[in-house]
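This structure is a prediction, so every number in the text was calculated from the model and none was measured. Proteins come first, then strands; the chains are lettered A, B, ... in the order of their sequence lines, and each starts at number 1.
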Number of protein chains: 2
Amino acid sequence: MFSQIDQVRRFNRVVSQRAGTLDQSYLGQGRPLGEARLLFEIGHDGGNARELRDRLGLDSGYLSRLLRALESQGMIVVTPSETDRRVRDIQLTDAGRAQVETYDRLSDDLASSILAPLDERQKAKLVEAMAQVERLYRAAAVTVSAESPATVDARACVDQYIRELNQRFDTGYDPDTAGPLDDSEFLPPDGVFVVARLDGKAIGCGGLKRLDAETGEIKRLWVSPDTRGLGLGRRLLVELEALAQQRGMARVCLDTNGTLVEAQALYHAQGYVEVAPYNDNPYAQHWFEKRL
Amino acid sequence: MFSQIDQVRRFNRVVSQRAGTLDQSYLGQGRPLGEARLLFEIGHDGGNARELRDRLGLDSGYLSRLLRALESQGMIVVTPSETDRRVRDIQLTDAGRAQVETYDRLSDDLASSILAPLDERQKAKLVEAMAQVERLYRAAAVTVSAESPATVDARACVDQYIRELNQRFDTGYDPDTAGPLDDSEFLPPDGVFVVARLDGKAIGCGGLKRLDAETGEIKRLWVSPDTRGLGLGRRLLVELEALAQQRGMARVCLDTNGTLVEAQALYHAQGYVEVAPYNDNPYAQHWFEKRL
DNA sequence: AATTTTATCTGACTAAAGTCAGAGAATGTT
DNA sequence: AACATTCTCTGACTTTAGTCAGATAAAATT
């Protein structure tokens with residue numbers, strides 16, 4: 001444990017030293033770093049002034065001045081948005097696009113300069129390790145928080161969950177057949193609903209409802225397809241088990257369809273054991289429980 | 001190739017975002033970032049003003065003012081050095097040490113916060129990948145440059161090389177027996193000597209001398225023990241082969257002792273083939289050559 | 001002993017980065 | 001229609017970071 005933290009610190013030190021040289025190379029392009037970063041950001045993820053302010057965490061007065069500077073350099077065109085004329089839409093000019101390309105080339109050059117001194121085997125190893133670090137950083141950046149199943153994000157997750165079941169089940173999936181879609185069962189004090197987010201975007205969910213005094217049921221456990229493999233399903237499951245324990249439940253159970261093989265593997269790995277049917281969900285073919 | 005650079009860029013972006021939060025957390029300690037970084041550096045690798053100036057690349061006037069600020073805050077004590085009263089020795093006070101510990105705790109907290117959301121397997125994987133990245137970053141940061149075999153660094157490398165041979169050979173090693181230690185054979189235009197450096201420190205070397213019109217001999221190939229495994233031996237060898245080719249040599253040869261098994265493995269891997277003895281070096285038991 | 005070099009310090013700057021308090025216009029809410 | 005909120009802009013600031021040209025003293029070199 002101790003040496004793990006040490007390794008992370010050594011890593012941070014070595015890596016941020018290199019990353020700093022990128023910032024440095026953005027200078028000497030006749031533009032202060034703040035402007036360069038803003039321009040780079042506009043060039044890549046675009047957006048209007050408000051979004052940029054949020055993303056980069058800038059003071060509105062400061063941003064305004066930076067935009068004015070880029071505008072007077074002919075890098076961008078700022079116009080009031082069609083839909084809300086308080087907000088400013090920002091467009092790159094041709095010159096702006098050219099400048100962003102220059103910055104891209106600098107980023108590429110930095111990347112190349114890291115790889116260049118290495119032989120092919122080392123390059124491949126480094127890139128693989130980087131991909132691993134990036135993947136796990138993303139996994140670590142996921143937050144899981146309890147909230148009402150009625151929030152926009154929670155509903156969006158459940159919608160995607162239902163759509164996916166409908167695709168995967170041989171019989172299709174009609175949520176009404178499985179039992180009434182009743183949000184209130186996931187509300188405190190008896191139930192709870194959790195949503196996982198990455199960079200503010202909802203990417204997974206799970207619900208816990210009470211079946212009886214000592215039993216909770218886990219439902220709607222879902223992880224968005226593009227974030228699978230990050231161990232998020234396990235994290236949501238563990239979170240929900242902890243919440244069940246907090247509510248005095250001695251065991252949790254859940255049902256699942258035969259086509260969801262990854263889910264069943266997860267349940268087994270987390271110590272769930274198959275039990276006799278405890279409900280008559282027509283889509284369920286396996287029933288599990290775990291003592292807490 | 002394309003996607004490798006892409007991966008490096010994605011990595012840089014994700015990682016430097018996180019590393020940036022460390023700098024941020026150093027603020028809010030009632031001290032500007034420049035001062036905080038200097039204090040952190042003093043606390044860890046210490047040194048006098050000149051060393052710090054070199055390491056952090058600061059202007060001498062700027063550093064002087066930073067030191068004065070830290071001094072007036074009671075974090076450090078600055079005194080003229082005993083050995084050279086122009087240079088300033090810097091000592092942390094108790095308060096300074098306490099502050100450095102606070103910064104350490106912040107670094108630890110950041111490291112923990114990255115690991116915390118992951119399960120044990122993921123933690124282990126991340127730390128391993130980080131170690132890999134760090135190792136290869138170090139390998140990539142090594143520079144190899146041609147210089148006179150008479151420079152301080154070149155001599156230091158050759159000294160260590162000789163000392164190591166003396167330890168490893170059953171018979172010991174006396175450089176005079178192997179032939180006169182003549183630096184001039186490694187001097188242009190016929191010869192060349194290269195030194196490898198990491199963070200300014202010499203960590204390896206190699207020499208090329210001309211045997212005849214079309215033959216070069218590689219000698220004094222050495223890598224410091226603590227940087228072995230970074231592929232540095234191969235890099236020096238490749239570098240010397242390229243320099244031989246530039247000098248119109250059609251082949252290079254070298255001799256080696258039986259105890260240096262890693263070296264022989266390297267020569268084989270790089271396409272060298274064993275040949276009959278081409279000299280009467282008493283320490284040599286194997287002779288290799290490679291056509292360029 | 002005279003000269004040069006090295007390490008630090010001081011004064012006088014500049015540019016960049018960021019903060020804060022309003023003001024004005026558009027949009028939402030009651 | 002009145003009021004509150006949101007988004008942006010402007011003016012007036014401050015702090016931080018960094019540069020540059022000497023000045024001074026100690027050490028190294030000639």
From [atom1] of [X] over to [atom2] of [N], roughly how many Å is that when rounded to an integer?
X: N48(A); N: dT8(D); atom1: CG; atom2: P; answer: 6 Å
X: L66(A); N: dT10(D); atom1: CG; atom2: P; answer: 13 Å
X: L63(B); N: dA17(D); atom1: CG; atom2: P; answer: 13 Å
X: D23(B); N: dT16(D); atom1: CG; atom2: C1'; answer: 14 Å
X: E82(A); N: dT27(C); atom1: CD; atom2: P; answer: 11 Å
X: L38(A); N: dA16(C); atom1: CG; atom2: C1'; answer: 15 Å
X: D59(B); N: dA21(D); atom1: CG; atom2: P; answer: 11 Å
X: L58(B); N: dA7(C); atom1: CG; atom2: P; answer: 15 Å

In plain terms, say whether [X] and [Y] are close enough for a salt bridge, that is, a side-chain N and a carboxylate O under 4.0 Å apart.
X: D23(B); Y: R37(B); value: yes
X: R97(A); Y: D94(A); value: yes
X: D84(A); Y: R86(A); value: yes
X: E147(A); Y: R197(A); value: yes

Classify [X] by what it touches in the nucleic acid, base, sugar-phosphate, or nothing, heavy-atom distance under 4.0 Å.
X: L33(B); result: sugar-phosphate
X: D84(A); result: sugar-phosphate
X: G61(B); result: base

Among [options], which nucleotide sits nearest the side chain of [X]?
X: S60(A); options: dA26(C), dT8(D), dA16(C); answer: dT8(D)
X: R88(A); options: dA26(C), dT8(C), dC9(D); answer: dC9(D)
X: Y62(A); options: dA7(C), dA17(C), dT8(D); answer: dA17(C)

Notebook entry, point to check: Of T83(A) and R31(A), whose closest DNA chain C nucleotide lies nearer the 5' terminus?
Noted result: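 Of the two residues, R31(A) wins.
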Notebook entry, point to check: Which sits closer to the 5' end of DNA chain C, R65(A) or E51(B), going by the nucleotide each is nearest to?
Noted result: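 Its nucleotide being nearer the 5' end, the pick is E51(B).
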Notebook entry, point to check: Quick one: is R86(A) getting a side-chain N or O under 4.0 Å of the dT5(D) phosphate, OP1 or OP2?
Noted result: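 R86(A) to dT5(D) OP1/OP2: no side-chain N or O under 4.0 Å.
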Note to self: Looking at R50(B), I'd like to know whether one of its side-chain N or O atoms comes within less than 4.0 Å of OP1 or OP2 on dT6(C).
What the structure shows: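 Indeed not, no polar side-chain atom of R50(B) lies that close.
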Note to self: Students often mix this up, so state it plainly: with edges at 30° and 60°, are the rings of Y26(B) and F40(B) parallel, tilted or perpendicular?
What the structure shows: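 Ring orientation, 0 to 90° scale: tilted.
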